[in-house]
Amino acid sequence: MAAIQALRGTRDILPAEIRYWQQVEAVARDILGKATYQEIRTPTFEPTALFERGIGEATDVVGKEMYTFKDRGDRSLTLRPEGTAGVVRSFIEHGLGTQGGVQRLWYCGPMFRYERPQAGRQRQFHQIGVEVLGSPSARADAEAIAIATDILKTLGLKTLELNLNSIGDASDRDRFRAALIDYLTPFKDKLDADSQDRLTRNPLRILDSKDEGTQKILDQAPSILDHLSPESQARFEQVQSLLSALNIPYTLNPRLVRGLDYYTHTVFELQSQDLGAQATVCAGGRYDGLVQELGGAATPAVGWAIGMERLVILLQQLQSLPEPAIDFYMVSKGEPAEAQALVLAQTLRQAGFTVELDMSGSAFGKQFKRADRSHAAACLILGDTEAETQTVQLKWLDTGDQTAIAQADLLTMSDALQTRLNSRTREA
Ligand code: ATP
Ligand code: MG
C-alpha cells in the first residue's frame with residue numbers, strides 16, 4: 001500500500017530543524033517579556049464570520065485563501081488565516097480592555113491559507129505576533145516596531161529594511177481611493193487582470209501588484225502621502241521622529257498597503273535581502289477600527305506578525321546551531337546491569353544531568369561507538385561485574401580517564417561532576 005504523505009503546502013519540522021524554531025521562540029519570549037507583553041493562546045478555528053468581518057471580504061485572504069468548512073453541526077468554521085481577529089475577539093469577549101490602560105499581548109502558532117506553495121510560502125505556516133490594544137499614541141507604533149526589530153536583530157539578521165507608510169484614516173483613504181481610481185481608469189485595459197478586478201473592489205491593493213506593466217503605470221500614480229489630513233500627517237511624522245530617536249532606519253514607501261482591510265495610519269514591513277521573492281519577514285500596522293468593527297468599544301490598536309518559516313530559513317543560512325550537549329552516555333550489557341543503568345540514568349536526570357541511555361542491547365563495542373558519536377562528556381559503563389558490586393565505570397571521553405565509582409557515591413559527587421562538566425564546556 002502506498003504510504004500517506006503530508007499535504008501539499010504543509011511540512012514536518014524535524015528534530016534537526018527544531019532548534020532554530022526553539023531559538024526564535026526563546027528570543028521572542030525573552031524580548032517580549034521584558035517589554036511586559038503577555039502571551040495569549042486563542043483557538044485555531046473560529047466562526048467564519050469573524051474573519052469575513054475582521055479582515056474584509058474584498059481581501060485575497062478572505063476571498064481566495066481561507067480554509068472554510070462546515071462542521072457536523074452545520075456551522076461554518078474557518079482555520080485561522082491570521083492571528084489578530086481571534087485575539088481581538090478574545091479581548092472583547094473577556095472584557096480585557098475594561099480596566100483601561102494598554103493591553104500588550106503576543107501569540108505564536110499555526111495559520112492556514114490556501115496559497116500556491118513555494119519557498120517561504122505554505123498552506124500551514126507559523127507566526128509570532130503582537131497586538132497592543134488601547135493606545136492611540138505614536139509611541140505604541142514605534143515601540144511595536146522597535147520590538148520586532150530587536151527580535152530579528154538579536155537572532156542575527158543583518159540585512160533588514162524597514163518599509164514604512166501611512167494609509168491615514170478612513171476619510172484620507174476615501175479621498176485617495178477616488179484619486180487613484182480617477183488616475184487608473186484610463187489605463188484600465190493595460191492593467192493586469194487581478195488589478196482590473198481590484199479597480200472597483202479594492203483599488204488600494206493595486207499598488208501592491210507585482211505585474212511589471214501595472215508597476216510602470218503606477219509610477220505616475222497619486223501618492224497616499226499627499227492625501228493625508230494635517231492630523232494624519234502630523235501623526236505619521238511623530239512615528240518617524242520616534243523611530244529616529246530609537247535609531248531605527250526606515251524607508252518611506254508610499255506604495256506599501258497591507259493585504260488586510262483593517263489597517264489605518266502606520267503600516268510597515270521588515271524585509272531581508274537574503275530571502276529572494278518572499279522577502280517580508282514581519283508585517284503589521286495600526287488598526288484603530290477593528291475592535292469596534294468586531295463589536296467591542298472603540299479601541300485604538302497596533303500589531304505585527306513575523307512569518308516564522310521565513311525567519312527560520314534566514315537563520316539556517318546564518319549559523320548552524322550546535323546539538324544540545326549530553327553529559328553522560330550510559331552503556332550497559334546483561335540483565336541486572338541494564339536494569340541498574342535505567343535506574344541510575346533516572347537518578348542522574350533528576351539531579352539535573354542530561355543522560356542518554358543506550359537501549360540497544362548490542363555489544364559493548366557498538367555502544368561505545370555510539371557514545372563517541374553522541375559527543376557526550378563522559379560514558380557510564382555497567383557490565384556484570386559492576387552490577388554485582390553496585391559500581392559504575394566513569395570514563396571521560398576527552399581524556400580517556402576511567403575510574404570505578406560506587407553507584408551510591410555518584411550523586412554525592414554531583415558537584416564535582418558538574419565542575420568537571422563545566423570545565424569541558426569552557427574548553428569546547
Ligand atoms: P505576502 O505578501 O508575502 O503574501 P501577507 O501580506 O499575506 O504576505 P501577512 O498577512 O502580513 O502576510 O502576514 C505576516 C507575515 O507572515 C508575512 O510577512 C510572512 O512573513 C508570513 N506569511 C504570510 N503568509 C505566509 C505563508 N503562506 N507562508 C509562510 N509565511 C507567510
Ligand atoms: Mg499573502
Side-chain angles (χ1 to χ4, degrees), residues 6-11 13 17 20-21 24 28 51 54-56 58-67 78-88 106-131 144-145 148-149 151-152 155 157 159-165 167 194-195 198 202 204-211 253 255-264 266-287 290 302-316:
L7 289 167
R8 189 166 139 76
T10 71
R11 56 188 291 277
I13 302 167
E17 189 186 314
Y20 295 92
W21 291 79
V24 168
F51 304 112
I55 301 173
T59 60
D60 281 355
V61 171
V62 172
K64 305 184 193 161
E65 298 174 356
M66 291 210 300
Y67 277 92
T78 295
L79 299 183
R80 62 179 184 195
E82 53 94 61
T84 305
V87 170
V88 168
W106 72 274
Y107 61 83
C108 171
M111 307 294 161
F112 307 85
R113 295 184 194 177
Y114 195 79
E115 301 201 65
R116 197 167 63 79
Q118 50 201 292
R121 188 176 296 284
Q122 292 172 207
R123 292 181 173 169
Q124 172 171 335
F125 62 100
H126 298 77
Q127 290 181 334
I128 288 185
V130 306
E131 315 296 348
I145 292 172
T149 312
I151 292 173
L152 299 175
L155 285 166
L157 266 57
T159 58
L160 271 186
E161 194 186 345
L162 171 61
N163 274 282
L164 188 69
N165 193 20
I167 56 171
D194 259 356
S195 297
R198 283 173 174 152
N202 200 352
L204 262 63
R205 285 293 280 167
I206 297 175
L207 298 180
D208 224 23
S209 170
K210 306 279 186 289
D211 181 81
N253 178 358
R255 293 226 196 133
L256 177 65
V257 286
R258 307 276 309 116
L260 318 179
D261 269 0
Y262 51 59
Y263 286 106
T264 51
T266 312
V267 292
F268 69 93
E269 290 187 351
L270 282 155
Q271 301 183 325
S272 166
Q273 275 110 58
D274 300 329
L275 260 180
Q278 318 317 320
T280 307
V281 266
C282 176
R286 178 159 279 281
Y287 53 94
L290 182 63
V302 57
W304 50 251
I306 288 175
M308 295 177 76
E309 275 75 7
R310 294 182 195 178
L311 188 48
V312 166
I313 292 172
L314 284 170
L315 291 188
Q316 285 175 312

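Here the structure is a predicted model, which means the values were calculated and not measured. Whatever order the structure lists ligands and atoms in, that order sets their numbers, starting from 1.
Using a 4.0 Å cutoff on heavy atoms, Glu82 does not count as a contact of ligand 1.
Checking Phe112, Trp304, Phe125, Tyr263 against atom 22 (N) of ligand 1, the nearest heavy atom belongs to Phe125.
Every atom of ligand 1 with a heavy atom of Gly120 under 4.0 Å away is listed here by number and element: 28 (N), 29 (C), 30 (N). Close approach of ligand 1 to Glu115 is summarised as follows: ligand atoms under 4.0 Å from at least one heavy atom of the residue are 24 (N), 25 (C), 26 (C), 27 (N). Each of the following atoms of ligand 1 lies closer than 4.0 Å to a heavy atom of Ala305: 14 (C), 15 (C). When each atom of ligand 1 is checked for a heavy atom of Thr280 under 4.0 Å away, the hits are 18 (O), 19 (C), 20 (O). Below 4.0 Å from some heavy atom of Val281 lie the following atoms of ligand 1, by number and element: 20 (O).
In terms of heavy-atom proximity, Leu152 sits nearest to Leu270 at CD1-CD1, 3.8 Å. Minimum heavy-atom separation, Tyr107 to Val130: CE2-N, 4.2 Å.
In Gln127, the part holding a heavy atom less than 4.0 Å from any atom of ligand 1 is the side chain.
In this structure, Tyr67 places its OH atom where more than 12 heavy-atom neighbours from other residues, nucleotides or ligands lie under 6.0 Å away.
Under the 3.5 Å distance criterion, with hydrogens and angles disregarded, a donor-acceptor pair is assigned to the side chains of Thr84 and Glu131. Checking Gln124 against Thr10 by side-chain atom types alone, no donor-acceptor pair falls below 3.5 Å.
The closest donor-acceptor contact from the side chain of Asn165 to the backbone of Leu256 lies under 3.5 Å.
Polar contact check, Arg121 against ligand 1: a nitrogen or oxygen pair lies under 3.5 Å apart.
Geometric assessment of Arg123 against the ring of Tyr114 yields a positive cation-pi assignment under the 6.0 Å and 45° thresholds.
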